[in-house]
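Input: a single structure, listed below in structure tokens.
Computation of the quantities below employed the complete heavy-atom set of this structure, encompassing side-chain atoms and omitting hydrogens, waters and symmetry-equivalent molecules. Just so we're on the same page: letters track the sequence lines, and every chain starts at 1.
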Amino acid sequence: MLDELCQEIKLKFPASQAVLHNPPENVGSPSIEIEAKSLREVALYLRDDCKYKFSVLQVISGVDYLEYFEVCYMLANFDLARSYEFILKVKVSDRVNPVLDSVADIWPAANWQERECFDMLGIEFKGHPDLRRILCPEDWQGFPLRKDYVAAKYYNGMQVYPDHKMNLEERSFIINSKSKQEELQKQSLAKGL
Amino acid sequence: MQDGVVLTKVDEFLSWGRKNSLWPMTFGLACCAIEMMATGANKYDLERFGCGAFMATPRRADLMIVAGTVTLKMATRVRTLWEQMAEPKYVISMGSCANKGGPYWQHGYHVLKGVDEVVPVDVYVPGCPPRPEALIEGIMTLQKKIASERLLRKKWIKHVG
């Protein structure tokens, strides 16, 4: 079903460069990846014109892959005869000023989901009616789910990691635990030999 | 004559009355609040300790049970609620999160490491979440504290002895 759909998208919108990703060894779900600039027309096509009519947007999730961001739209239709769902993926390659078109007017469910994505990863959704933070406080600095996020020391005069409560020895143990594990492995290997 | 007379100290009588009419605030933050509700319901029946009248406003309450994770966003609200309560007021920190950050202690960029950073805490109840029996023990500990207070001293001292 997804092969067919991917071909259709490619025929209708050559600029979208739709690619079907099948998971290796059937772990995970198959997905279709498209270019960011043709997101809106593909979304409208998927909702209204295509054979399956994906009328439901279940969730939007953003992923930070260090070099780029990826936004996943999990779409579904709940036809009585046969229901389908699949993942539409869009790559956002600009990591400094990530911008993507909003689909909040196509699927109203996208409104809060896009706000969450903006809150956690800082992806700006162009055309969103009300793009504010949804979970973090309004005066929060930074985007917590980015891989390079560094936790703030203070927030509103409250110490986030109070020194008198932190077990510093344990923290250093956790940081060094990888090298310690390697050491232990080497020792056990030496004993075995 | 003998049957109709009870002898006690005024101090102790006042404390006895206060400790048996603690009014907690209707205030829950996370899963600990579910246990708090269970404690208030008929099986564990907080009313036995005179502690079951959950007040819907901080101004009528004198016990705040901080039940759940205190995020940094919520911490300022917790402080405001505590300030709105009338003296004498008491705080029970319920569960690991409110005690010291709980599972968010190491990497919780958004969680306050213990509610005692913003409000003074009288009793800590450990557990994740604590069973209703644990919360009841916490409340009984607080009652013992209140019973030892001396209201009629010139300078009122909280928790003597």
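At most 12 heavy atoms of other shown residues, nucleotides or ligands fall within 6.0 angstrom of atom CD in B:Glu137. The number of heavy atoms from other shown groups lying within 6.0 Å of OH (A:Tyr154) does not exceed 12. Annotation for B:Trp82: atom CH2 counts as buried by contact number, over 12 foreign heavy atoms lying within 6.0 Å. Within 6.0 Å of the OH atom in A:Tyr68, the count of heavy atoms belonging to other residues, nucleotides or ligands exceeds 12. Sparse packing is recorded around NZ of B:Lys144, with 12 or fewer heavy atoms of other residues, nucleotides or ligands lying under 6.0 Å away.
Contacts between B:Leu72 and chain A at a heavy-atom distance below 4.5 Å involve backbone atoms as well as side-chain atoms.
Residue B:Leu112 holds its CG atom at 11.5 Å from CG of A:Asn156, rounded to the nearest 0.5 Å.
Side chains of A:Tyr155 and B:Tyr109 form no contact here, defined as non-hydrogen atoms less than 4.5 Å apart.
Minimum interatomic distance between A:Cys136 and B:Lys73 (heavy atoms only, all atoms of both residues): O-NZ, 3.8 Å.
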For a side-chain contact (heavy atoms from CB on, under 4.5 Å) check, start with the C-alpha distance between A:Met158 and B:Thr76, then their side-chain angles and the critical distance, and finish with the verdict. CA-CA 9 Å; A:Met158 290 173 285; B:Thr76 44; 4.0 Å; yes
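Side-chain atoms of A:Lys165 come within 3.5 Å of backbone atoms of B:Lys113 as a donor-acceptor pair (strictly under, hydrogens ignored).
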